[in-house]
Asks: 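Mind having a look at this structure? Questions to follow.
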Protein chains: 2
Amino acid sequence: MPYDPSAFPPFAVTVDLVVLTVRRHALCALAVRRGEPPFQGRWALPGGFVRADEDLAGAAARELNEETGLRAQDPGDHTAEAHLEQLATYGDPDRDPRMRVVSVAHLVLAPDLPSPTPGGDADSVRWAPVESLLQPSGTEEDPPEPLAFDHGRILADGVERARSKIEYSSLATAFCPPEFTVGELRRVYEAVWGVVLDPRNFHRKVTGTPGFLVPTGGTTSRQGGRPAQLFRAGGATLLNPPMLRPDV
Amino acid sequence: MPYDPSAFPPFAVTVDLVVLTVRRHALCALAVRRGEPPFQGRWALPGGFVRADEDLAGAAARELNEETGLRAQDPGDHTAEAHLEQLATYGDPDRDPRMRVVSVAHLVLAPDLPSPTPGGDADSVRWAPVESLLQPSGTEEDPPEPLAFDHGRILADGVERARSKIEYSSLATAFCPPEFTVGELRRVYEAVWGVVLDPRNFHRKVTGTPGFLVPTGGTTSRQGGRPAQLFRAGGATLLNPPMLRPDV
DNA sequence: AGAATAGTGTCTCTTAGACACTATCGC
DNA sequence: GCGATAGTGTCTAAGAGACACTATTCT
């Protein structure tokens with residue numbers, strides 16, 4: 001099997017981003033409106049070409065910063081604002097009608113951003129509940145068209161990855177601001193899984209898991225009711241035993 | 001952000017294969033010896049270029065068949081001989097000294113094959129315990145060189161995927177022949193995890209998980225001792241509750 | 001006071017893990 | 001018989017889930 005790298009079929013390599021956050025008790029994804037054909041005017045995932053001198057995660061972090069201003073997580077960088085990981089790669093020969101494009105999709109988990117539509121482009125970038133992107137309903141703000149290219153499939157894979165990964169890792173904290181309460185963390189789980197959890201058992205579970213939460217000493221009553229302790233994410237990345245998703 | 005697919009940097013796209021099996025109570029991977037520079041004479045993972053008209057899984061299945069004769073699993077194809085899934089994509093700019101190559105790695109889980117070195121090329125293809133490939137010891141048959149390119153990293157990622165995935169899925173059966181005993185399945189877990197499991201609790205656990213194992217009615221005493229019931233893999237893919245890996 | 005959220009205690013039921021014991025083969 | 005593997009029963013400790021109860025804030 002001769003291996004001649006100068007005789008290869010021409011490929012373009014892109015990164016696409018599934019950027020998830022929790023807004024108003026719903027799991028939302030970042031979508032951009034396409035300005036040119038194909039799929040002009042349709043919503044799509046943000047993304048772009050990988051440059052000649054950057055690696056895949058670097059390209060994804062650059063696109064994320066261009067689109068949202070967020071800085072993604074270099075491994076071990078605790079000042080980062082968002083979690084970024086590779087999701088999967090999509091390379092069907094006809095996924096882009098123009099030419100052969102292989103897209104390396106990445107998953108980003110971010111806390112709710114103050115600016116609803118980041119960047120200046122309020123008209124062409126938005127957060128949308130993932131259900132409305134996956135099953136377009138044809139209402140005023142949700143066009144009846146599905147996402148461009150195979151982005152619906154990519155988004156579905158990213159959502160499923162996020163749903164399963166918060167079970168056995170501490171990644172749910174990536175949806176929270178640097179300091180958060182147990183109740184806020186519980187509402188993240190409820191939004192991502194679409195379930196209702198018992199607040200008392202949840203509290204006992206997360207505070208009893210070593211390394212998951214570290215109390216900061218402060219309290220807040222921003223949710224109303226009795227003031228709650230503030231926590232930040234602990235060092236643990238794998239939860240053992242895991243959080244259990246109901247109904248499964 | 002103009003999106004011009006005709007002005008893209010030149011990429012080559014390959015698939016690399018982490019093919020795992022259990023042989024003589026050890027987790028083994030398929031390695032091929034490189035015939036040309038770079039890394040001439042070193043061991044590497046099997047793989048090759050993605051052709052212009054095939055998708056990524058198709059390219060991986062073709063390479064697998066060329067290398068081992070195995071037919072990989074099309075989704076839902078129960079006559080397939082091996083499980084194939086996408087693992088991750090590796091695209092550091094300097095991972096191949098010749099040019100920019102993005103490799104979409106795939107993970108294959110296969111039962112032990114009758115032919116120790118498949119294909120005619122007994123000298124350039126072999127099964128090797130994953131530890132000897134990941135930490136070359138410099139003995140007679142294990143050269144002290146690590147795998148070519150970033151294949152050591154890819155292999156390590158594949159092994160970790162296999163180890164974690166047999167916890168919560170029925171994938172361990174992919175390492176078994178079509179009919180197998182509970183003891184044989186237990187030895188798969190023991191080899192992949194490198195642990196010793198209690199045969200009695202294991203038996204109770206796997207036979208008590210609905211959809212995991214289906215008795216075929218036959219028995220065998222090929223392991224010695226009291227004849228054991230034969231099973232085949234059931235329809236369940238996700239195990240709930242999962243198998244628990246000790247010491248974690 | 002009443003409503004809301006935070007946090008603790010207690011009970012039950014399921015399950016993992018340890019291990020005694022029986023069953024059925026080959027030698 | 002002896003040693004191997006197969007398979008069942010039993011006990012204990014830990015955790016999930018249900019839910020009563022108390023604590024502290026805001027309106």
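Proteins get letters first, then strands, A, B, ... in listed order; numbering begins at 1 in each. Model, not experiment: these values are computed from the prediction.
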Asks: Mind checking B:Pro241 for me? I need base, sugar-phosphate or nothing, with any heavy atom below 4.0 Å counting as a touch.
Replies: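 Contact class for B:Pro241: sugar-phosphate only.
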Asks: Taking atom types as modelled, is there a side-chain donor on B:Asp112 or B:Thr21 under 3.5 Å from an acceptor on the other?
Replies: no
Asks: In whole Å, I'd like the distance from the CZ atom of A:Phe231 to the P atom of C:dA6.
Replies: 11 Å
Asks: Identify, between B:Arg187 and A:Pro227, the residue whose nearest nucleotide on DNA chain D lies closer to the 5' end.
Replies: B:Arg187
Asks: Between atom CZ in A:Phe180 and atom C1' in C:dA6, what is the gap in whole Å?
Replies: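 Distance, rounded to whole Å: 16 Å.
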Asks: Would you kindly compare B:Leu244 and B:Ser221 by the position of their nearest DNA chain C nucleotide and give the one closer to the 5′ end?
Replies: B:Leu244
Asks: Atom CZ of A:Arg226 to atom P of D:dT27: distance rounded to whole Å?
Replies: 18 Å
Asks: Do the charged groups of A:Asp157 and A:Arg161 touch, with an N to O distance under 4.0 Å?
Replies: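 Looking at A:Arg161 together with A:Asp157, the answer is no, because their closest N to O distance does not fall below 4.0 Å.
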Asks: Under 4.0 angstrom, heavy atoms only, what part of the nucleic acid is B:Arg222 near: base, sugar-phosphate, or nothing?
Replies: nothing
Asks: When you compare the side chains of A:Asn65 and A:Arg62, does any donor N or O come within less than 3.5 Å of an acceptor on the partner?
Replies: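 Absent: no donor and acceptor within the cut-off.
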Asks: Taking only the side-chain nitrogens and oxygens of B:Lys205, find out if one of them lies under 4.0 Å from OP1 or OP2 of C:dA16.
Replies: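 Yes, within the criterion.
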Asks: Output the rounded distance in Å from CG (A:Asn240) to C1' (D:dG15).
Replies: 12 Å
Asks: Decide yes or no, distance alone: a donor-acceptor N/O pair under 3.5 angstrom between the base of D:dA16 and the side-chain of A:Arg204.
Replies: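 Between D:dA16 and A:Arg204, which were checked side chain against base, a qualifying N/O pair under 3.5 Å is absent.
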Asks: Please confirm whether any donor atom in the side chain of B:Arg200 sits under 3.5 Å from an acceptor in the base of C:dA20, or the reverse.
Replies: yes
Asks: Do any side-chain nitrogens or oxygens of B:Gln229 fall under 4.0 Å of OP1 or OP2 in D:dG7?
Replies: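 Indeed, a polar side-chain atom of B:Gln229 lies that close.
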Asks: What is the separation between atom CZ on B:Phe202 and atom P on C:dA18, rounded to the nearest whole Å?
Replies: 15 Å
Asks: Round to a whole Å and report the spacing from CG of A:Asp198 to C1' of C:dG7.
Replies: 12 Å
Asks: Is the phosphate of C:dA6 approached by A:His203 (side-chain N or O, under 4.0 Å from OP1 or OP2)?
Replies: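 Checking C:dA6 against A:His203, no side-chain N or O comes under 4.0 Å of OP1 or OP2.
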Asks: To the nearest angstrom, how far is A:Arg186 atom CZ from C:dA4 atom C1'?
Replies: 12 Å
Asks: DNA chain D: B:Glu184 or B:Asn201, which has the more 5' nearest nucleotide?
Replies: B:Glu184
Asks: Between atom CG in A:Leu239 and atom C1' in D:dA16, what is the gap in whole Å?
Replies: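 It works out to 15 Å between those atoms.
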Asks: Please determine which of B:Phe212, B:Trp193, B:Tyr189 meets the ring pair (Phe, Tyr, Trp, His ring centres under 6.0 Å) test together with B:Phe202.
Replies: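 Considering B:Phe212, B:Trp193, B:Tyr189, a ring pair (Phe, Tyr, Trp, His ring centres under 6.0 Å) with B:Phe202 is found only for B:Tyr189.
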Asks: Does A:Glu167 pair with A:Arg245 as a salt bridge, N-O distance under 4.0 Å?
Replies: yes
